[in-house]
Every structure is written in structure tokens, then in C-alpha cells.
2 protein chains.
Amino acid sequence: MFELDLRSRKPIYEQLIDKMKELIINEVLKPDEQLPSVRQLAQQLTINPNTIQKAYRELELQGFIYSQKGKGSFVNPISPGKDNEKIEQVKQELEKLLLEALYLGVQADELHALIKDLDASKGGGK
Amino acid sequence: MFELDLRSRKPIYEQLIDKMKELIINEVLKPDEQLPSVRQLAQQLTINPNTIQKAYRELELQGFIYSQKGKGSFVNPISPGKDNEKIEQVKQELEKLLLEALYLGVQADELHALIKDLDASKGGGK
DNA sequence: TAACTGTATTAATAATAATAGTACACTTAG
DNA sequence: CTAAGTGTACTATTATTATTAATACAGTTA
């Protein structure tokens, strides 16, 4: 389910966070679906449970998952209009990247087309 | 010219890279304009010259600046159609962020509007 | 020549990432 | 209730990376 690059300069727990976010955003992991447990995933990836926990803690902070003692960790269903801070943050990052793309010569038309495609395939599996 | 957060978890040299890219992309720093020297900027920010050098080296690798022994470091004018790898990389990051925005409920229309604004103000100062 | 530039190297320290081991509280199936 | 699973917390240790420090060298320019 996960592929890690142990020799990357990017910390393992950050790679985990990115992969998880990707799976959640692409709805491979559905709302309220249970994630692999800290120990189970650690064994599967042959890394330390503490590293998994660090990733899960961060994902919970960012609002992507929720955890319950004794039960497990689950995908957090988005509550519209609730994550205003997060949305603003993402918009800011987007603005920076969009400016960079335009600076590099990417045409606005191409960006519009990209959005259109992504929006169309939203929720539609892949 | 630069504001650093020394107690941030983000390394100083990465903060420097981000600030520089921002200034270059927003054309506050013009093509072929000379950047502050390694030692000068280090003294101004009261950090080590090696840290500045590390940032400059990375910026050069990423194609944003070029450096010449004995002369200085300068903003690299973009050469259209040359930075294909970089463009692809930025597009990939963009796709991830756009998906996240859509997942959080941001409307496609809003994204289109954002691009339109950014594209319109391109090169027009701020 | 003198005073700038970038660049390279080595060493030491500070900060962070990752592992290891243990413990506790909670949930659930038996 | 018990056993085995869950998340969570904590301390300690090691490995990796970031940062500083001090030089040194090569090129440029007034």
C-alpha cells in the first residue's frame, strides 16, 4: 500500500504523511475507513512504530484523520465550511506555485484545463 | 530585504531559498540583477556565510540564479523551453495542491478566477 | 596591490529524525 | 473477566542533518 524511499532526504514520516493525504484526497481511503494500526503498519514497512505515530499525529492535526484510543485511526470526513484555516493555507501555497508556473512560461490556458480535468474526475475513482 | 524565523522548524537555508524565489518570481529582483554577496548578506542577517552559500548553490541548481567567481551572483533570466524538467515538476506539485483544494471544497470557479488574477498582474509589479 | 567576489574544505556543535523499549488506558471479542 | 488488539506517552540512544567556525584558494576589479 505504501512505498517509501529510505535513502531520501525527505524524512520517512513526511513521506508517510504525503502518501496518506494522497490516498485520502483521491478517495482510495473512504471517509471513516479504518487505517492500518500503528504497530501493524510499522511491521509491514519495517520501520519503528514511533515514526508511524508521528505521521498519524500530524495527519490528525491537519484534520485528515481522527484517532480513538483502543479503536484505531480513521479517515476524517470533511466538514464543509469548517476547515477555513486549512483552506486559506492551501490557497496561499497554491498562489505561490501558480506564480512560479506562470513565471516559467506555463500558459494560463493550460492551468485552466488542468483544473477542469481534475474537477471533472473528482470522486470518479481516478 | 529578508525576514527570517530562526526558531522555525524550517531550516534557515530553505527559508532563504523560498524568499529568493518569491522575489525573483515577483520580479522584485530583475533578470541579471546582482544579488547581495554571500558575506554581505550573512553579516546583514547575522548568520553564517556557509548557510547563505548553501541557499545560493541550491538556487543555482534550480535554475533561478547564476554565479560567477570574483563577480557575484545574479538572477537567471528564464530561457523559455529550456526548463522542461522544472516545469514538469512544478506541474506535478500543482496537481497535488489543486486536488487538495478541490477535496476541501474550494470551487473550481474560484481557482479559475485566481489564475486569471495572477496572470493579469504578471510583470505588472504587484 | 587591495578589496572585493564565489567556492571548497575540515572540524565542531546544535538540532532533528529515527530507533528501541516500556508502560498505560481504552475497546472488543472470547 | 481475560486476552489481544488499539492509541498514546515517555525516556534513552543513535544516526542524520543543519549550522557555525575558521581557513584557504581562485577569479575580478578599481
Side-chain angles (χ1 to χ4, degrees), chain A residues 1-21 24 29 31-77, chain B residues 1-21 24 29 31-77:
Chain A
M1 197 176 202
F2 301 93
E3 306 157 15
L4 294 181
D5 182 6
L6 295 183
R7 48 194 162 167
S8 167
R9 51 276 165 206
K10 173 175 278 189
I12 300 176
Y13 79 97
E14 281 189 16
Q15 293 183 48
L16 268 173
I17 290 172
D18 287 348
K19 295 278 183 190
M20 280 293 189
K21 281 166 75 168
I24 292 174
L29 295 171
D32 291 311
E33 179 173 342
Q34 183 163 12
L35 304 178
S37 81
V38 168
R39 293 172 181 80
Q40 179 184 332
L41 189 52
Q43 186 174 11
Q44 177 183 333
L45 301 177
T46 61
I47 59 178
N48 195 281
N50 293 335
T51 306
I52 310 286
Q53 194 202 342
K54 187 169 186 178
Y56 278 18
R57 191 192 314 142
E58 179 66 21
L59 282 167
E60 188 166 15
L61 264 177
Q62 292 188 24
F64 284 97
I65 71 174
Y66 63 93
S67 300
Q68 292 178 342
K69 261 191 195 171
K71 304 185 80 170
S73 299
F74 308 86
V75 175
N76 200 10
Chain B
M1 199 175 201
F2 301 94
E3 306 158 14
L4 295 180
D5 182 5
L6 294 182
R7 49 194 162 168
S8 168
R9 51 278 165 206
K10 173 174 277 189
I12 300 177
Y13 78 96
E14 282 189 15
Q15 294 183 47
L16 267 173
I17 290 172
D18 287 348
K19 296 278 183 190
M20 279 293 190
K21 280 166 75 168
I24 292 174
L29 296 170
D32 290 312
E33 179 174 342
Q34 183 163 12
L35 304 178
S37 81
V38 169
R39 293 172 180 80
Q40 178 184 333
L41 188 52
Q43 185 173 11
Q44 176 182 333
L45 300 178
T46 61
I47 60 179
N48 195 282
N50 294 335
T51 306
I52 309 285
Q53 193 202 343
K54 188 170 185 177
Y56 277 18
R57 190 192 314 140
E58 179 65 21
L59 282 167
E60 187 165 16
L61 264 176
Q62 291 187 25
F64 284 97
I65 70 174
Y66 62 93
S67 300
Q68 294 178 342
K69 260 191 197 171
K71 305 185 81 171
S73 299
F74 307 86
V75 175
N76 199 11

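Chain identifiers are assigned alphabetically (A, B, ...) following the order of the sequence lines, protein sequences preceding nucleic acid strands; residue numbering begins at 1 within each chain. Computed over heavy atoms, backbone and side chain alike; hydrogens, waters and symmetry mates excluded.
- Distance B/Glu60 CD to C/dA8 P: 9 Å, rounded to the nearest Å.
- Between A/Leu35 atom CG and D/dT8 atom C1' the separation is 16 Å, expressed in whole Å.
- In terms of position along DNA chain D, the nucleotide closest to A/Gln34 lies nearer the 5' end than the nucleotide closest to the other residue of the pair A/Gln34 and A/Ser8.
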Exercise for the section: Apply side-chain contact (heavy atoms from CB on, under 4.5 Å) to A/Leu29 and A/Ile65, showing your working. Expected result: CA-CA 11 Å; A/Leu29 295 171; A/Ile65 71 174; over 6 Å; no
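- Taking 4.0 angstrom as the limit, B/Lys71 places a side-chain polar atom (N or O) nearer than this to OP1 or OP2 of D/dT29.
- Within the nucleic acid shown, A/Arg9 has no heavy atom closer than 4.0 Å to any nucleic acid atom.
- Taking atom OH of B/Tyr66 as the reference point, atom C1' of C/dG6 lies 14 Å away to the nearest angstrom.
- Contact annotation: A/Ser67 does not reach the phosphate of D/dT6 (side-chain N/O to OP1 or OP2, under 4.0 Å).
- One atom, CG of B/Leu6, and another, P of C/dA15, lie 11 Å apart when rounded to the nearest Å.
- Judged by distance alone, the side chains of B/Gln44 and B/Gln40 never bring a donor and an acceptor atom under 3.5 Å apart.
- Each of B/Ser37 and B/Asn50 was assigned the nucleotide of DNA chain C with the nearest heavy atom; the assignment lying further toward the 5' end belongs to B/Ser37.
- A/Ser73 has a side-chain polar atom (N or O) that falls below the 4.0 Å cut-off from OP1 or OP2 of D/dG7.
- Here the P atom of nucleotide D/dT17 and the NZ atom of B/Lys10 are 19 Å apart, to the nearest Å.
- Atom CD of B/Gln34 has more than 12 heavy atoms from other residues, nucleotides or ligands within 6.0 Å.
- A search for ring-ring contact (aromatic ring centres under 6.0 Å, His included) contacts involving A/Phe64 returns nothing, not counting sequence neighbours.
- For B/Glu14 and D/dT17, the CD to C1' distance is 11 Å, given to the nearest whole Å.
- Computed from coordinates, the B/Phe74 CZ to C/dT5 P distance equals 11 Å when rounded to whole Å.
- Heavy atoms of B/Gln40 sit under 4.0 angstrom from primed sugar atoms or phosphate atoms, though from no base atom.
- Map A/Lys69 and A/Tyr13 each onto its nearest nucleotide of DNA chain C; the residue landing nearer the 5' end is A/Tyr13.
- Applying the 3.5 Å distance criterion, the base of D/dG5 shares no donor-acceptor pair with the side chain of A/Arg39.
- In this structure, the side chains of A/Ile17 and A/Lys21 come closer than 4.5 Å at one or more pairs of heavy atoms.
- An OP1 or OP2 oxygen of C/dT19 is reached within less than 4.0 angstrom by a side-chain nitrogen or oxygen of A/Thr51.
- Atom-to-atom, CD1 of A/Ile52 to C1' of C/dA17 comes out at 14 Å; the value is rounded to the nearest Å.
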